[in-house]
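Both ligands and their constituent atoms are indexed starting at 1 by order of listing. None of these values were measured; they are calculated from a predicted model.
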Amino acid sequence: MTISHGDLLYEGKAKRIFACERDGQVLVEFKNDATAFNAQKKAQLDEKGRLNCRISSCLFELLEREGIPTHYLGMAGDTWMVVQHVEVIPIEVVLRNIATGSLCRETPLPQGTTLDPALLDLYYKDDALGDPLLTDSRLALLDLISGEMRQGIEALARRVNAVLSPFFRAQALQLVDFKLELGLNAAGELLVADEISPDTCRLWDLACTDSEARILDKDRFRKDLGGVIEAYGEVCKRVQGACPTPRNCS
Ligand code: 5GP
């Protein structure tokens with residue numbers, strides 16, 4: 001990395017955020033740490049940071065080309081990304097195309113049910129509370145965001161799905177569901193922030209019918225299926241093949 005970083009501003013489970021000498025920008029370092037179940041399960045996975053940084057960069061550039069605003073500015077080395085400084089909204093936005101995961105644990109919906117239109121769930125981003133599901137009435141009660149912002153968040157998440165789902169399908173991957181984090185930049189513009197990677201998306205190999213072998217995302221780690229990095233590498237290979245080399249911002 002040629003760009004130098006300043007102070008550590010924040011350390012999350014999978015990334016570190018550093019100050020940057022450039023106004024309104026910060027540096028994100030993707031770590032090799034893997035965590036699941038609110039960090040009760042932890043491991044170090046060589047190459048995960050590099051793969052997620054690369055995959056996210058390609059996907060952010062794809063969104064950008066489709067006119068979807070993101071915090072991404074460019075890569076700055078294998079595991080580093082330059083992004084706009086944003087105020088992250090403390091809400092996790094989950095879009096589901098296929099029922100699985102917590103939706104099937106918490107409702108009687110059968111695994112694999114196609115959700116059309118995709119189901120949008122909002123969760124309050126708070127590790128101590130275990131990221132609880134937010135109903136519309138709880139959202140209003142907590143006064144976290146305005147009704148207008150709620151609509152803007154939903155519209156943005158659905159636009160992301162409308163771009164990513166067909167993109168992944170063209171790489172023989174099914175986008176089962178994904179989590180987005182959104183933020184507001186200095187101009188008050190709503191942007192896709194954080195990362196978009198196999199850590200935050202469920203991706204199934206469409207060429208494979210076996211219900212475990214087709215999993216190419218963090219569920220391999222959550223469920224102890226092995227081959228986590230091989231799966232992330234496969235996603236990276238397919239995504240990279242369809243996206244030009246991400247731009248360098250260092
Ligand atoms: P579920 O609610 O079924 O556990 O997750 C739905 C989708 O959102 C999955 O793609 C999952 O990876 C993602 N997701 C939900 N919460 C988190 C989280 O706290 N961290 C990460 N990395 N992904 C999450």
Side-chain angles (χ1 to χ4, degrees), residues 10-17 28-45 48-49 51-53 55-56 59-60 81 88-115 117-135 153-154 156-158 160-161 164-165 167-169 173-183 192-205 211-212 214-225 228-229 231-232 235 239:
Y10 172 79
E11 178 152 10
K13 292 189 275 271
K15 294 181 292 296
R16 291 188 191 93
I17 313 290
V28 181
E29 183 189 17
F30 285 70
K31 304 193 288 184
N32 286 335
D33 303 39
T35 64
F37 313 120
N38 208 357
Q40 287 173 47
K41 179 171 180 172
K42 291 184 194 168
Q44 277 286 309
L45 298 175
K48 186 174 87 80
L51 290 165
N52 279 352
C53 188
I55 294 166
S56 284
L59 295 175
F60 279 136
M81 193 184 273
V88 173
I89 297 170
I91 290 177
E92 295 190 346
V93 185
V94 172
L95 236 91
R96 302 173 192 273
N97 294 307
I98 304 281
T100 190
S102 68
L103 180 62
C104 294
R105 284 197 305 277
E106 295 165 3
T107 73
L109 210 60
Q111 287 277 350
T113 307
T114 298
L115 306 168
L119 181 73
L120 180 123
D121 283 328
L122 302 181
Y123 296 84
Y124 184 48
K125 189 173 153 60
D126 185 318
D127 283 344
L129 296 175
D131 296 344
L133 181 67
L134 284 168
T135 59
I153 288 173
E154 172 151 7
L156 187 57
R158 291 195 184 278
V160 170
N161 194 36
L164 292 187
S165 279
F167 169 78
F168 279 123
R169 201 173 308 117
L173 293 168
Q174 181 157 41
L175 180 58
V176 174
D177 56 29
F178 60 97
K179 184 243 333 177
L180 293 179
E181 294 194 21
L182 306 178
V192 180
D194 194 46
E195 68 181 292
I196 307 176
S197 74
D199 267 11
T200 61
C201 302
R202 285 197 174 96
L203 294 163
W204 291 350
D205 188 350
S211 63
E212 287 190 349
R214 69 183 175 184
I215 295 172
L216 295 178
D217 56 67
K218 191 169 161 184
D219 273 351
R220 297 207 73 82
F221 176 67
R222 294 187 185 104
K223 298 179 179 195
D224 285 324
L225 298 177
V228 182
I229 287 307
Y232 282 41
V235 171
V239 165

Legend entry - Top protein contact for atom 7 (C) of ligand 1, by heavy-atom distance: D177 OD1, 3.4 Å
Inset, instruction - For atom 12 (O) of ligand 1, find the nearest protein heavy atom and state the residue, atom name and distance (0.1 Å precision). - result: R222 NH2, 2.9 Å
Inset, instruction - For G101, take its heavy atoms, then give the atoms of ligand 1 lying under 4.0 Å from any of them. - result: 3 (O)
Inset, instruction - Give the residue, atom name and distance (to 0.1 Å) of the protein heavy atom nearest atom 2 (O) of ligand 1. - result: S102 OG, 2.6 Å
Legend entry - Enumerated ligand 1 atoms positioned under 4.0 Å from heavy atoms of K218: 22 (N)
Inset, instruction - Could you point out which residue of N32, D33, D199 forms a side-chain hydrogen bond (donor to acceptor under 3.5 Å, both in side chains) with K48? - result: D199
Legend entry - D131: numbered ligand 1 atoms lying under 4.0 Å from its heavy atoms: 19 (O)
Legend entry - Matching residue for L180 among T200, I196, D194 - test: side-chain contact (heavy atoms from CB on, under 4.5 Å): I196
Inset, instruction - Evaluate whether atom NZ of K42 has more than 12 neighbouring non-hydrogen atoms of other residues, nucleotides or ligands under 6.0 angstrom away. - result: no
Legend entry - Shortest heavy-atom approach to atom 15 (C) of ligand 1 - which of K179, E181, K13: K179
Legend entry - Interfacing atoms of ligand 1 (cut-off 4.0 Å, heavy-atom, C201): 10 (O)
Legend entry - Nearest atoms (heavy-atom pairs only) where L119 meets L115: CB-CD1, 4.1 Å
Inset, instruction - Report yes if some heavy atom in the side chain of V94 is under 4.5 Å from a heavy atom in the side chain of F178; otherwise report no. - result: no
Legend entry - atom 5 (O) of ligand 1 - nearest protein heavy atom and its distance: R202 NH1, 3.6 Å
Legend entry - R220/E212 ion pair, N-O < 4.0 Å: no
Legend entry - Taking every non-hydrogen atom, the tightest pair across P117 and R158: CB-NH1, 4.3 Å
Inset, instruction - For the pair T107 (side chain) and C104 (backbone), establish whether a donor and an acceptor sit closer than 3.5 Å, ignoring hydrogens and angles. - result: no
Legend entry - Expected output: side-chain K218 to main-chain A34 donor-acceptor under 3.5 Å: no
Inset, instruction - List the closest protein heavy-atom neighbour of atom 16 (N) of ligand 1: residue, atom name, distance to the nearest 0.1 Å. - result: E92 OE1, 3.5 Å
Inset, instruction - Ignoring angles and geometry beyond distance, decide whether D199 reaches within less than 3.5 Å of ligand 1 through its nitrogen or oxygen atoms. - result: yes
Legend entry - Proximity of D217 to ligand 1 by residue part, where a heavy atom lies under 4.0 Å: neither
Inset, instruction - Under 4.0 Å, heavy atoms only, figure out whether ligand 1 is touched by the backbone of A14, its side chain, both or neither. - result: neither
